[in-house]
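Below is one structure, written out as structure tokens; comments come after it.
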Amino acid sequence: MSLNVLTHKSLSLFAAVGGWRTVAEGAASRVLFLIAYLVTDQVSTSALVAVGGVVGFAAARVFTDRKYWQATIALLVVGASAVLAGSTGHAVDFYLPTVLMQAAGGAVFLVSILVRWPVIGLAVGAARGERFGWRRDPARRRRYQVCTAIFLAKYGIATMVLVPLYLTGKVTPLGIAATLLGGSPALGVCIYLCWRILRAQADPANPAPAPAVIGPSR
């Protein structure tokens, strides 16, 4: 399998759920809330600014790409964050969904590794249309385990950083950490590392040709 084909198929599931645009929308809501809160010191106003920003992103997605469910997911996430913060009056609660998602993601990835059904293997297998065929190849199974472990490390680090910041009510560090560890920067690192691992995966249907043996001339 060529590098371009493997790269495309390996990341096709990520593109199906909105790709970098969805990630950017999630990061934008956290950044907008933090900036607005630092300027106004008003939780409700800051939540409305964050919601307004995501509404703008969602409208652009619907009108340009006709992708409705990705826009709906983005609105639901920021809406839940805004409702939590607005109902409690505590700015840190805007980031509570991010904290919970990191902890839940870590639990899911950990369980998938322990039961030897790595999440990345399931995702890439579904994207490539091969379902569970990868489980018959020990080398590929190990690569998917490693890739899943990379995401597990990301979720674990994010949880260990975000939970203490949330519990101590440190809004500014929490907002920055939620954007970096729970958003596109950390996710981008994970995807790049997994791509480097998966691109070494050989296509069993097209094995590399054996090197030519040059004998003595006659």
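Along the sequence shown, residues are numbered consecutively beginning with 1. The figures that follow rest on heavy atoms only: side chains count, while hydrogens, waters and symmetry mates do not.
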Scan the side chains in residues 161-168 for donor-acceptor partners under 3.5 Å anywhere in the protein, sequence neighbours excluded, and list what turns up.
from: Tyr166; atom 1: OH; to: Asp93; atom 2: OD1; distance (Å): 2.6
from: Thr168; atom 1: OG1; to: Pro164; atom 2: O; distance (Å): 2.7
from: Thr168; atom 1: OG1; to: Leu165; atom 2: O; distance (Å): 3.3

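- Cluster annotation: Leu181 is connected to Leu174 through the hydrophobic network of ILVMFWY side chains, with a link wherever side-chain heavy atoms come within less than 4.5 Å.
- Under a hydrophobic-cluster definition in which Ile, Leu, Val, Met, Phe, Trp and Tyr are linked whenever side-chain heavy atoms come within less than 4.5 Å, directly or via other members, Phe109 and Leu198 are assigned to the same cluster.
- The distance from the CG atom of Leu122 to the OG atom of Ser112 is 7.5 Å, given to the nearest 0.5 Å.
- Considering only heavy atoms from C-beta on, Tyr155 stays 4.5 Å or farther from Val108 through its side chain.
- In this structure, the side chain of Arg135 engages the main chain of Arg116 through a donor-acceptor pair within 3.5 Å.
- Both Leu187 and Leu110 belong to a single network of hydrophobic side chains, linked directly or stepwise wherever heavy atoms of I, L, V, M, F, W or Y lie under 4.5 Å apart.
- Note that CE of Met101 is 11.0 Å distant from OG1 of Thr159, once rounded to the nearest 0.5 Å.
- Ring geometry for Phe33 against Tyr37 counts as parallel: the plane angle stays under 30°, on a 0 to 90° scale with 60° as the upper cut.
- Here the shortest heavy-atom pairing between Lys154 and Gly182 reads NZ-CA, 4.2 Å.
- Rounded to the nearest 0.5 angstrom, Ile176 CD1 and Tyr95 OH are separated by 9.0 Å.
- Judged purely by atom type and a 3.5 angstrom limit, Trp134 has no side-chain atom pairing as donor or acceptor with the backbone of Arg141.
- Of the possible donor and acceptor atoms, none in the side chain of Arg30 sits under 3.5 Å from a partner among the backbone N and O of Thr179.
- Listed here is the closest heavy atom pair of Ala85 and Val43: O-CG1, 3.4 Å.
- The aromatic rings of Trp117 and Phe132 sit perpendicular to each other, their planes meeting at more than 60°, with 30° as the lower class boundary.
- In plain terms, the two heavy atoms of Pro118 and Gln145 that are nearest each other are CB-OE1, 3.4 Å.
- A heavy-atom distance below 4.5 Å is found between the side chains of Ile113 and Leu152.
- Contact annotation: the side chain of Leu96 never approaches that of Val92 to less than 4.5 Å [non-hydrogen atoms, C-beta and beyond].
- For the residue pair Gly53 and Leu32, the shortest heavy atom distance occurs at CA-CD1, 3.8 Å.
- The shortest distance between side-chain heavy atoms of Ile150 and Val189 does not fall below 4.5 Å.
- Smallest separation of non-hydrogen atoms from Val119 and Thr148: N-OG1, 3.5 Å.
- Nearest heavy-atom pair across Ala36 and Ser46 is C-OG, 3.2 Å.
- Linking Ile, Leu, Val, Met, Phe, Trp and Tyr residues whenever their side-chain heavy atoms come within less than 4.5 Å leaves Leu48 and Phe94 in two separate clusters.
- Distance check: Arg196 CZ to Ile191 CD1 gives 15.0 Å after rounding to the nearest 0.5 Å.
- Side chain of Ser87 to main chain of Leu84: a donor-acceptor pair is present (N/O by atom type, distance under 3.5 Å, no hydrogens or angles).
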